[in-house]
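When a ligand or atom number is given, it counts from 1 through the structure's own listing order. Everything numeric here is computed off the predicted structure, so don't read it as measured data.
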Amino acid sequence: MEEKIAQIQKEYLEKISQSTSLKELDGLFLDIFGKNGAVTLLPKDFSKLPEDARKKVGPLFNTLKQELEKAIELKRVDVREESYKKLEGESLDLNEKTDVKSRIGLIHPLDQFEHEIVELFSKIGFQQYDAPQIDTDDFNFELLNIPAEHPARDLWDTLYIDNKPQTTSNKLLLRTHTSNAQIRILREYKPPIRMMVLGRCFRHENIDARHEHTFDQFEIVYVDKNLSMANLQYLSEYFLKSVLGEDTKVRLRPKYYPFVEPGVGIDGICIFCKGKGCKVCGGVGWLEVAGAGMMHPQVLKNGGVDPKIYTGIAWGPGLERILMLKHGINDLRLFRSGNLRFLEKFK
Ligand code: DAH
């Protein structure tokens with residue numbers, strides 16, 4: 001038995017000292033101490049030995065075990081140091097050429113369009129105003145002449161936030177339109193006012209090719225003395241002709257919105273059929289791109305502006321709708337799909 005112990009010791013110390021990798025050392029560790037390892041199996045035969053021999057072999061066995069464990073541990077440190085030294089000798093060439101083609105990003109089509117609009121309206125004296133996307137029932141509805149039980153609320157399927165409000169007017173919601181800026185603007189600025197508001201709006205919609213839960217709107221709030229529908233017509237033409245082309249025709253059609261009086265729907269002539277009537281415009285020849293109107297006297301009052309002295313124009317198209325029209329896009333959902341093939345078309 002003593003001989004066997006000496007033989008194992010010699011054999012494995014040699015193997016350990018010759019090994020050059022951590023993987024090799026792991027293998028050796030298993031050969032020695034694994035389930036069927038040379039050292040693991042040794043004590044099995046101890047019981048067959050006479051008492052005297054057993055007493056001698058015990059300490060020898062312990063020494064062997066400790067010695068081999070220590071040898072592996074020390075060799076591990078050596079091997080690691082060796083490999084670090086090798087790495088130090090190597091250097092990383094950051095100038096190395098690869099096959100990866102560089103890709104240049106682009107501004108999202110909605111942002112591109114926003115920049116275009118801001119430029120257009122800055123030219124005629126409008127300033128940008130930011131209103132919150134999370135707002136109160138008051139600013140989004142109540143003060144715009146849309147009280148809680150008013151049937152017109154059905155026009156806006158609203159996403160409310162569960163904020164345990166003390167009153168209905170404090171109820172928080174995701175703004176359903178950029179019109180939530182109207183009262184804030186009236187209260188913050190003195191007429192004459194020329195403001196534009198751009199940004200995201202949200203609705204609890206059944207999503208399809210023409211409806212999304214998240215979309216962008218653009219709002220104009222224009223307050224001065226003696227404004228009329230003629231100014232509104234001019235703004236609508238200025239905008240749609242600049243964006244869709246000089247030959248675009250625009251018409252105003254009576255439409256009800258509680259915060260304007262009179263209210264109108266603004267139609268652009270269908271660019272697909274030039275007014276003849278086609279599938280895209282449902283045979284009408286015109287496509288609605290915005291709602292607008294003369295600001296309701298009550299809304300002006302709610303904003304602290306005297307309707308006997310001042311008049312106001314409020315005007316609000318959806319950005320995706322106009323882009324769809326401009327580029328012949330048939331599915332609104334593409335804008336927020338993250339589909340690179342779609343987005344790259346706007347380079
Ligand atoms: N806020 C309306 C909507 O989301 C659009 C609109 C209609 C805006 C009439 C206006 C307006 O400023 O005067 O449907």
Side-chain angles (χ1 to χ4, degrees), residues 117 121 126 128-133 135-147 150-159 173-186 193-205 210-224 227-236 238-240 250-268 287-303 305 307 310-322 324 332:
I117 293 174
F121 280 86
F126 283 79
Q128 233 180 316
Y129 181 89
D130 251 348
Q133 294 178 359
D135 209 350
T136 60
D137 192 274
D138 253 1
F139 284 116
N140 196 80
F141 289 128
E142 198 83 22
L143 296 165
L144 291 177
N145 235 359
I146 321 168
H150 198 288
R153 284 236 180 169
D154 293 348
L155 289 173
W156 297 275
D157 280 323
T158 309
L159 292 156
L173 45 77
L174 297 182
R175 71 167 174 198
T176 57
H177 48 188
T178 43
S179 304
N180 74 325
Q182 289 188 17
I183 297 293
R184 294 170 181 279
I185 290 173
L186 296 178
I193 297 170
R194 285 181 188 214
M195 287 289 170
M196 55 178 148
V197 188
L198 292 120
R200 274 185 197 179
C201 304
F202 311 87
R203 288 191 199 165
H204 187 244
E205 289 282 5
R210 289 178 68 81
H211 298 91
E212 254 283 32
H213 50 71
T214 305
F215 55 94
D216 285 76
Q217 275 193 351
F218 165 48
E219 188 97 4
I220 281 289
V221 176
Y222 181 16
V223 182
D224 208 338
L227 296 179
S228 73
M229 292 299 278
N231 300 84
L232 202 157
Q233 171 86 26
Y234 172 77
L235 273 183
S236 310
Y238 171 70
F239 177 55
L240 289 179
V250 181
R251 75 171 185 189
L252 307 185
R253 185 172 34 81
K255 190 167 178 191
Y256 174 71
Y257 292 101
F259 39 92
V260 281
E261 178 59 38
V264 290
I266 298 168
D267 295 343
L287 283 162
E288 178 170 315
V289 290
M294 301 305 297
M295 291 174 87
H296 197 287
Q298 187 58 49
V299 173
L300 289 174
K301 265 191 218 157
N302 291 346
V305 173
Y310 289 105
T311 44
I313 287 172
W315 196 87
L319 296 196
E320 288 88 343
R321 284 276 174 98
I322 297 176
M324 285 170 82
L332 181 88

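- With hydrogens left out, the protein atom closest to atom 13 (O) of ligand 1 is Ala314 O, 2.9 Å, a heavy atom.
- Using a 4.0 Å cut-off between charged side-chain N and carboxylate O, Asp137 and Arg153 make a salt bridge.
- For Arg184 and Phe139, the positive end sits near the middle of the six-membered ring, less than 6.0 Å away and at most 45° from its axis.
- Nearest to atom 6 (C) of ligand 1 among the protein's heavy atoms is Gly291 O, 3.8 Å.
- Atom 2 (C) of ligand 1 has as its closest protein heavy atom His177 ND1, 3.9 Å.
- Here is the list of ligand 1 atoms found below 4.0 Å of a heavy atom in Val260: 13 (O).
- Taking a cut-off of under 4.0 Å to the non-hydrogen atoms of Arg203, the atoms of ligand 1 that pass are 3 (C), 4 (O), 14 (O).
- Taking a cutoff of 4.0 Å between a charged side-chain nitrogen and a carboxylate oxygen, Arg251 and Glu288 do not qualify as a salt bridge.
- The protein atom (non-hydrogen) at minimum distance from atom 5 (C) of ligand 1 is Gly316 O, 3.8 Å.
- Not a single donor-acceptor pair under 3.5 Å links the side chain of Arg200 to the backbone N or O of Arg175.
- Applying the side chain to side chain contact (heavy atoms under 4.5 Å, CB included) test between Met195 and each of Val223, Ile220, Ile185 identifies Ile185 as the sole match.
- Atoms of ligand 1 lying under 4.0 Å from any heavy atom of Trp156, numbered from 1 in the order shown and given with element: 3 (C), 4 (O), 14 (O).
- Of all heavy-atom pairs between Leu198 and Asp130, the closest is O-OD1, 4.4 Å.
- Here the straight-line distance linking atom CH2 of Trp156 with atom CG of Leu144 works out to 8.0 Å at 0.5 Å rounding.
- Looking at Trp315 next to ligand 1, an N or O pair under 3.5 Å apart turns up.
- Ligand 1 lies less than 4.0 angstrom from a heavy atom belonging to Gly293.
- For ligand 1, the atoms closer than 4.0 angstrom to any heavy atom of Gln182 are 12 (O).
- His204 NE2: 12 or fewer foreign heavy atoms inside a 6.0 Å radius.
- Close contacts of ligand 1 with Gln217, meaning ligand atoms under 4.0 Å from a residue heavy atom, involve 3 (C), 4 (O).
- Considering backbone and side-chain atoms alike, Glu219 places an N or O below 3.5 Å from some N or O of ligand 1.
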